[in-house]
Amino acid sequence: MSRAHNFSAGPATLPEPVLRQAQQEMLDWHGAGASIVELSHRGPEFMQVAAEAETDLRALLAIPDDYAVLFLAGGATTLQALIPLNFAAPGQAADYVVSGHWGKTAVKEARPYADVRIAASSEADGFRGIPARASWQLSEDAAYVHITANETIHGVEFRELPDVGAVPLVADFSSSIASEPLDIARFGLVYGGAQKNLGPAGISFAIVRRDLLERAGQPRAEILDYRAHAAKGSMLNTPPTWSWYLLGLTVRWMLEQGGVAEFARRNARKAALLYAAIDGSGGYYRNEVDPAARSRMNVPFFLHDAALDQPFLAAAKGAGLIGLKGHRALGGMRASLYNAMPEAGVQALADFMADFRQRHG
Ligand SMILES: *Cc1c(COP(=O)(O)O)cnc(C)c1O
């Protein structure tokens, strides 16, 4: 058996030591006589797993005490609908800065519950950059300002946090959480799905400033209520225990590797290597994103002739490089370089790209 280098955007590659540990613990978790997936979420074993995952995530991201950490079933899209329900009064304005596909999704999910205003959008430019802060039309009465820290499909990333004054900044960090140090105190809410950089699908995270939990929001069922989830330790109902457990192992691995400062260095080197391979190809490969907004995590690129896409993907697979097909909205290729992607994987991709270009010049 040999594992390929997996560049999938999500669900995505996980650290091999995490998978091995899960494999080893699969039948009998720490002498419990059963797998962790088979045990009650309210029993001492899973309570320990859940608590350690939160403690470790708090340590990894340096989350201040005045922020609650929620682990919720469902994906980032679910949270995009829950955010206005919990934090905007009925009909209240909410500002959205749209820099790609997921910003548009956030708008769509919020529209039934808030007076969604597009404060800025780079759609007219094909989402090739971040709208300049000076161009944003923010509303003074907005419940929050929403941004997508990293656009997973368009490969556009905020490289500088915007100042939005006193209005809470809400950010979708699905595909870049824990990729570099982050000042959580700058945000009202940081959220995302786990399946990009933090673990498997099926669980999402919300890091929310506690005072926001006091907002009335809108009439909603208790199961959609952040405050209720926070009060019950994200165990209002049965949580996705398997996903939570794997997230915990992944976060522990990141701490053992040296934490976000170390991953920031690795991720910068990986991204530099791949963008150099693209930019140095004389137009054989191209990435169209404004260099100042290029994502370190997701690198979409195109071959100079789309007829080469299938041969490229087939040859890449033969070389042990998978998950490179671009999102259907853009076509072309996309390489995702999450924390679990080793530098050797990116080097192998860069070498393969040079070799492919020589053979199909
Ligand atoms: C993947 C992704 C989403 C959607 O996540 P789901 O878990 O599929 O709902 C939202 N935002 C960003 C930035 C993403 O990368």
Side-chain angles (χ1 to χ4, degrees), residues 3 10-65 67-76 78-79 82 173-174 177-178 184 190-208 210 213 221-260 263 338-340:
R3 279 171 60 76
T13 190
L14 287 170
E16 190 169 320
V18 165
L19 297 175
R20 288 199 184 282
Q21 186 175 346
Q23 179 184 45
Q24 198 205 328
E25 296 175 348
M26 188 66 181
L27 295 183
D28 178 14
W29 186 86
H30 296 215
S35 166
I36 195 70
V37 214
E38 302 170 291
L39 296 169
S40 166
H41 57 295
R42 304 198 192 278
E45 297 91 353
F46 186 76
M47 292 296 272
Q48 181 189 330
V49 166
E52 284 178 6
E54 177 174 339
T55 303
D56 287 346
L57 187 66
R58 283 184 176 278
L60 182 71
L61 301 178
I63 300 173
D65 287 343
Y67 284 73
V69 176
L70 306 181
F71 295 105
L72 302 170
T78 316
L79 301 192
L82 293 181
F173 267 92
S174 291
I177 190 73
I184 299 283
V190 166
Y191 76 94
Q195 73 271 25
K196 295 4 186 314
N197 206 27
L198 225 45
I203 193 162
S204 52
F205 62 92
I207 302 164
V208 54
R210 290 186 199 276
L213 294 175
E222 187 186 39
I223 197 69
L224 306 180
D225 187 336
Y226 272 21
R227 193 183 329 151
H229 280 288
K232 290 282 163 58
S234 304
M235 294 208 195
L236 267 183
N237 66 331
T238 316
T241 53
W242 173 246
S243 300
W244 197 331
Y245 158 73
L246 280 179
L247 179 152
L249 294 185
T250 307
V251 169
R252 176 69 55 85
W253 174 82
M254 289 180 188
L255 284 171
E256 288 166 358
Q257 291 290 304
V260 290
F263 282 106
Y338 301 126
N339 288 7

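Leu198 has its side chain out of reach of Thr250: every pair of non-hydrogen atoms, C-beta onward, lies at least 4.5 Å apart. Counting heavy atoms from C-beta on, the side chains of Asn339 and Gln257 never come closer than 4.5 Å. No side-chain heavy atom of Met254 sits under 4.5 Å from any side-chain heavy atom of Val260. For the pair Met26/Ile36, no side-chain contact is recorded, criterion being any heavy-atom separation below 4.5 Å from C-beta on. Counting heavy atoms from C-beta on, the side chains of Tyr226 and Leu79 come closer than 4.5 Å. Side-chain contact between Met235 and Arg42 is present, with heavy atoms from C-beta onward closer than 4.5 Å. Within the 4.5 Å cutoff, side-chain heavy atoms of Val49 are placed close to those of Trp29. In this structure the side chain of Phe173 never reaches within 4.5 angstrom of the side chain of Asn197, judged on heavy atoms.
Closest approach of His41 and Thr241 over heavy atoms only: CB-CG2, 3.9 Å. The shortest heavy-atom contact between Ala340 and Leu14 is CB-C, 3.8 Å. Arg210 and Ala68 get closest at one heavy-atom pair: NH1-CB, 3.6 Å. Shown here for Asp65 and Arg58, the closest heavy-atom pair between the two residues is CA-NH1, 4.4 Å. Nearest heavy-atom pair across Leu39 and Ala34 is CD2-CB, 3.9 Å. Smallest separation of non-hydrogen atoms from Ala22 and Leu246: CB-CD2, 3.8 Å.
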Discussion item. The test is side chain to side chain contact (heavy atoms under 4.5 Å, CB included); show your working for Val69 and Ile63 and say whether it passes.
Written reply: CA-CA 9 Å; Val69 176; Ile63 300 173; 3.8 Å; yes
Item to complete: Take Val190 and Tyr67 through the side chain to side chain contact (heavy atoms under 4.5 Å, CB included) test and state the conclusion after the steps.
Response: CA-CA 10 Å; Val190 166; Tyr67 284 73; over 6 Å; no
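Once rounded to the nearest 0.5 Å, the distance linking NE2 of His229 with CG of Leu82 reads 7.5 Å. Expressed to the nearest 0.5 Å, how far OG of Ser35 lies from CG of Asp28 amounts to 9.0 Å. For the atom pair Ile203 CD1 and Trp242 CH2, the distance stands at 13.0 Å (nearest 0.5 Å). Rounding to the nearest 0.5 Å places CG of Asp56 at 14.0 Å from CH2 of Trp253. One finds the CD atom of Gln195 at 7.0 Å from the OG atom of Ser174 (value rounded to the nearest 0.5 Å). How far CD1 of Ile207 is from CG of Leu61: 5.0 Å, rounded to the nearest 0.5 Å.
Tyr338 contributes no side-chain N or O that, together with a main-chain N or O of Ala12, makes up a donor-acceptor pair within less than 3.5 Å. The closest donor-acceptor contact from the side chain of Ser243 to the backbone of Ala201 lies under 3.5 Å. Looking only at distances, no side-chain donor or acceptor of Ser204 sits under 3.5 Å from a matching main-chain atom of Ala76.
Within 6.0 Å of atom CD in Glu222, 12 or fewer heavy atoms from other residues, nucleotides or ligands are found, so the atom counts as exposed in its surroundings.
Ring pair Trp244/Phe46 is perpendicular by interplanar angle, where above 60° counts as perpendicular and below 30° as parallel.
Taking 4.0 Å as the cut-off between side-chain N and carboxylate O, Glu256 and Arg252 do not count as a salt-bridged pair.
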